[in-house]
2 protein chains.
Amino acid sequence: MPSSTDSRAAASRPQLTADRVVEAAAAVADREGLHGVSMRRVGGELGVEAMSLYHHVAGKDALLDALADWLMVRVERPSPDGPWREAIAARCRSLRAVMRDHPWGPALVESRRAPGMTLLGHLEAVLECLHRGGFPVQLAAHAFSVLDAYVYGFVSTERSLPFEPGGGVDDLAAELALPADVFPRMVELIEQAIVGRSYDYADEFEYGLELVLDGLEARLGEGPAESVAR
Amino acid sequence: MPSSTDSRAAASRPQLTADRVVEAAAAVADREGLHGVSMRRVGGELGVEAMSLYHHVAGKDALLDALADWLMVRVERPSPDGPWREAIAARCRSLRAVMRDHPWGPALVESRRAPGMTLLGHLEAVLECLHRGGFPVQLAAHAFSVLDAYVYGFVSTERSLPFEPGGGVDDLAAELALPADVFPRMVELIEQAIVGRSYDYADEFEYGLELVLDGLEARLGEGPAESVAR
DNA sequence: ACCTGAACACCGTTCAAGT
DNA sequence: ACCTGAACACCGTTCAAGT
C-alpha cells in the first residue's frame with residue numbers, strides 16, 4: 001500500500017476542489033435559494049467544516065463570483081455561422097431557460113460588481129455574431145444593450161408579477177384582493193388575457209423577443225453607412 | 001404641564017412610526033447599500049434599539065416590502081390624458097431615474113415575492129393609459145410585459161456592464177485585462193463606441209425605449225380588431 | 001498541504017422585564 | 001403602550017493549532 005494517499009477519509013470523500021465547492025453552492029442555491037448559500041451550509045453539503053472552504057475559494061464573495069460564472073457556462077453561445085437572427089434568438093431563449101432552471105440567477109448576476117471571464121467570453125460571441133450579421137459597431141452596441149435588458153428584465157419581473165405562470169388563476173383576483181372598482185383594468189386583463197384562454201407566459205417572452213428583433217432588423221436595414229458615419 | 005406626554009426623551013426624539021422606520025431604512029440603503037439594511041442599523045439611525053422596530057413593522061421582510069413600496073411611490077404615474085406614447089415614455093424614464101437614484105432598487109424589487117398595493121396601483125395606471133390609447137387588452141398585456149422587462153433589465157444590467165458610465169474609459173481595456181486577440185469585438189466596441197465620442201449611457205436607454213415603443217405602435221396600427229378576435 | 005476548533009463581530013428574532 | 005436587556009440560533013472570517 002502506498003504511503004502518500006492513505007488517509008482513511010480520502011476514499012469516501014473525494015478531494016475537495018474549487019469546482020466541487022461551486023457545484024455544492026449551486027446545489028444549495030437550487031434547494032434553498034440564494035439566501036441559503038452560507039459558507040457553513042455549503043461546507044455541510046460537502047461533509048466538511050465551513051473553514052475548509054477557505055483553502056479553495058478566497059471568501060464568500062469570490063464563491064458567488066464563481067457561481068455566477070457557473071451559471072453563464074450553461075448559456076448556449078450564439079453560433080457565428082448562419083443567419084444572425086436565429087442564432088441570437090436561440091441564445092436569448094437559452095439565457096432565459098438557464099434563469100428559469102435556477103431562479104436565484106438574476107438576483108446573483110445583479111449582485112455581482114464586475115463581469116467574469118465566462119460572461120465576457122459570452123458577450124464576445126454575441127458581438128461576433130452580430131458583426132457577421134452586418135451590424136456596424138454602434139448598432140451592435142445598441143442591439144446588445146436592448147436584448148440583454150429585455151431578457152434579464154423578463155426573467156426578473158416574471159416572478160414578481162401578480163399572475164403566477166402555471167398556477168391556478170380562477171381565484172387570482174380574489175387572492176390578490178383586487179377590487180374591480182379600484183383596479184378595473186387589472187381585473188379585466190386577468191380575466192380576459194389569462195382566464196378563458198390557455199395563457200402561457202412563454203408566449204409572452206417570444207412576443208417581446210420578436211418585437212425587439214424586428215426593431216433591430218429594421219434599423220439594420222435602414223442603412224449601415226449612416227450608422228458608421230455619424 | 002400635561003401629564004400624558006411628559007417623557008423626557010419625547011421632545012428630542014419624535015414619535016416612532018412605521019413611516020419613520022421605512023424612511024430610516026431608505027437612508028441606510030442609500031448610504032450603505034441594501035446589504036447594510038439590518039434591524040440593528042436601522043434602529044441606530046433612529047437612535048433606538050433594534051427591538052423597538054418590531055412594534056411598528058412585523059419583521060425585516062415586512063420592512064423590505066414597505067421599502068419596495070416607498071420606492072414605487074416615487075415613480076411618476078402616466079397621466080391618462082394626452083397621447084399614450086408620451087405618457088408611457090415619461091413613466092419609463094421616471095422609473096429608471098428612481099432606480100438610478102437608489103441603486104439598491106432593482107435588487108430589492110427582484111427579491112420581493114408579492115407586489116405591494118402601490119405597485120399594483122401603478123400598474124393599473126399604466127394599463128388605463130394604454131387602454132385610452134386604444135390598446136386592446138391582449139396588446140396592453142404584451143406592451144406592459146415588454147416595457148417593464150426592458151426598463152428593469154436596463155437598470156439591472158447597466159451597473160454590471162464592463163464600462164462604467166461617467167468613469168474614465170481610456171484605461172478600460174487594460175483595466176479589464178481584455179486582450180485584443182481574445183476579445184476583438186469587445187475591444188473594438190469599447191474603442192469605437194465609447195472612446196472618441198462622448199458616450200452617454202442615457203442615450204442607450206432612449207434608443208432601446210424608442211425601439212420598443214416603435215414596435216408597440218406598429219402592432220397597434222396593425223388593427224386592434226384582429227387582436228380582439230383571436 | 002489541507003483541515004479544524006475556538007473565537008470575534010456581526011445577524012434576525014423571542015421573550016420576559018421594565019417604564 | 002412602548003421600549004429594552006439578555007438570550008438564542010445563526011452569519012463571515014481570522015488564527016493558532018492540529019495532522
Side-chain angles (χ1 to χ4, degrees), chain A residues 1-22 24-25 28-29 31-68 104 107-108 111-113, chain B residues 1-22 24-25 28-29 31-68 104 107-108 111-113:
Chain A
M1 48 182 73
S3 60
S4 60
T5 62
D6 55 355
S7 166
R8 219 85 19 137
S12 63
R13 194 204 282 171
Q15 260 290 82
L16 210 56
T17 64
D19 280 346
R20 292 212 329 123
V21 172
V22 176
V28 172
R31 200 184 331 114
E32 318 189 36
L34 199 55
H35 206 76
V37 180
S38 73
M39 298 301 272
R40 281 169 170 88
R41 252 200 278 247
V42 172
E45 182 82 10
L46 294 161
V48 118
E49 298 300 314
M51 305 79 199
S52 306
L53 305 180
Y54 285 83
H55 292 272
H56 301 96
V57 294
K60 190 181 183 182
D61 236 51
L63 175 55
L64 293 180
D65 279 337
L67 190 55
W104 40 272
L108 175 66
S111 74
R112 295 300 88 196
R113 197 74 61 76
Chain B
M1 49 182 75
S3 59
S4 59
T5 63
D6 56 353
S7 165
R8 218 82 22 134
S12 64
R13 193 204 283 171
Q15 260 289 79
L16 209 57
T17 63
D19 280 346
R20 293 214 327 123
V21 172
V22 176
V28 172
R31 200 184 331 113
E32 318 189 36
L34 199 56
H35 206 76
V37 180
S38 73
M39 298 301 273
R40 281 170 171 87
R41 253 201 276 248
V42 172
E45 183 82 10
L46 294 162
V48 116
E49 298 301 314
M51 304 80 198
S52 306
L53 306 180
Y54 285 84
H55 291 272
H56 302 96
V57 294
K60 191 182 181 183
D61 236 52
L63 174 56
L64 292 180
D65 279 338
L67 190 55
W104 40 271
L108 175 65
S111 74
R112 296 298 89 195
R113 197 74 61 76

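Below, read A as the first sequence line, B as the second, and so on, with proteins coming before strands; counting in each chain starts at 1. A quick note: this is a predicted structure, and the numbers were derived from the prediction, not measured.
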**Study point:** Residue list, side chain to side chain donor-acceptor pair (under 3.5 Å) with Glu32(A), at least two apart or on another chain
**Key:** Arg41(A)
Practice item. Write down the atom of Leu63(B), the atom of Ala25(B), and the distance for their closest heavy-atom approach. Key: CD1-CB, 4.1 Å
Practice item. Would you please name every residue forming a side chain to side chain contact (heavy atoms under 4.5 Å, CB included) with Ser111(B), sequence neighbours left out? Key: Leu108(B)
**Study point:** Whole angstrom value for the distance that separates P of dC2(D) from CG of Leu46(B)
**Key:** 16 Å
Pairs under 3.5 angstrom, nitrogen or oxygen only, protein versus nucleotides 12-16 of chain D, please.
{"unit_1": "dG12(D)", "atom_1": "OP1", "unit_2": "Met39(A)", "atom_2": "N", "d": "3.2"}
{"unit_1": "dG12(D)", "atom_1": "OP1", "unit_2": "Lys60(A)", "atom_2": "NZ", "d": "3.2"}
{"unit_1": "dG12(D)", "atom_1": "OP2", "unit_2": "Met39(A)", "atom_2": "N", "d": "2.9"}
{"unit_1": "dG12(D)", "atom_1": "N7", "unit_2": "Arg40(A)", "atom_2": "NH1", "d": "2.5"}
{"unit_1": "dG12(D)", "atom_1": "O6", "unit_2": "Arg40(A)", "atom_2": "NH2", "d": "3.0"}
{"unit_1": "dT13(D)", "atom_1": "OP2", "unit_2": "Tyr54(A)", "atom_2": "OH", "d": "2.8"}
{"unit_1": "dT13(D)", "atom_1": "OP2", "unit_2": "Lys60(A)", "atom_2": "N", "d": "2.9"}
{"unit_1": "dT13(D)", "atom_1": "O5'", "unit_2": "Tyr54(A)", "atom_2": "OH", "d": "3.3"}

Exercise for review: Enumerate the residue pairs fulfilling salt bridge (charged side-chain N to carboxylate O under 4.0 Å, His left out) with a member in residues 53-62 of chain A, sequence neighbours excluded, ordered by first and then second residue.
Suggested key: Asp61(A)-Arg112(A)
Revision key, fill the gap. Across all chains, not counting sequence neighbours, the side chain to side chain contact (heavy atoms under 4.5 Å, CB included) partners of Ala107(A) are Leu34(A), Glu110(B)
List the atom pairs, with distances to 0.1 Å, where a side-chain N or O of residues 42-55 of chain B and a protein N or O form a donor-acceptor pair under 3.5 Å, not counting sequence neighbours.
{"unit_1": "Glu45(B)", "atom_1": "OE1", "unit_2": "Arg31(B)", "atom_2": "NH2", "d": "2.5"}
{"unit_1": "Glu45(B)", "atom_1": "OE2", "unit_2": "Arg31(B)", "atom_2": "NH2", "d": "2.9"}
{"unit_1": "Ser52(B)", "atom_1": "OG", "unit_2": "Glu49(B)", "atom_2": "O", "d": "3.4"}

Check your understanding: Heavy atoms, side chains only, cut-off 4.5 Å: are Val37(B) and Trp104(B) in contact?
Key -> no
Check your understanding: Is Ser52(B) near enough to dT4(D) that one of its side-chain N or O atoms lies under 4.0 angstrom from OP1 or OP2?
Key -> yes
**Study point:** Integer-rounded Å distance: dA1(D) P and Gln15(B) CD
**Key:** 14 Å
Practice item. Decide yes or no, distance alone: a donor-acceptor N/O pair under 3.5 angstrom between the base of dC3(C) and the side-chain of His55(A). Key: yes
**Study point:** Secondary structure of DNA chain D in dot-bracket form (Watson-Crick or G-U wobble, distances below 3.5 Å, | marking inter-strand pairs)
**Key:** ||.|||||...|||||.||
Point to revise | d(CD, Glu49(B); P, dT4(D)) in whole Å | key: 5 Å
Check your understanding: Which heavy atom in Leu16(B) sits nearest to a heavy atom in Arg20(B), and how many Å separate them?
Key -> CD1-NH2, 4.0 Å
Review point. At under 4.0 Å between heavy atoms, what does His56(A) touch on the DNA or RNA strands: base, sugar-phosphate, or nothing?
Key: sugar-phosphate
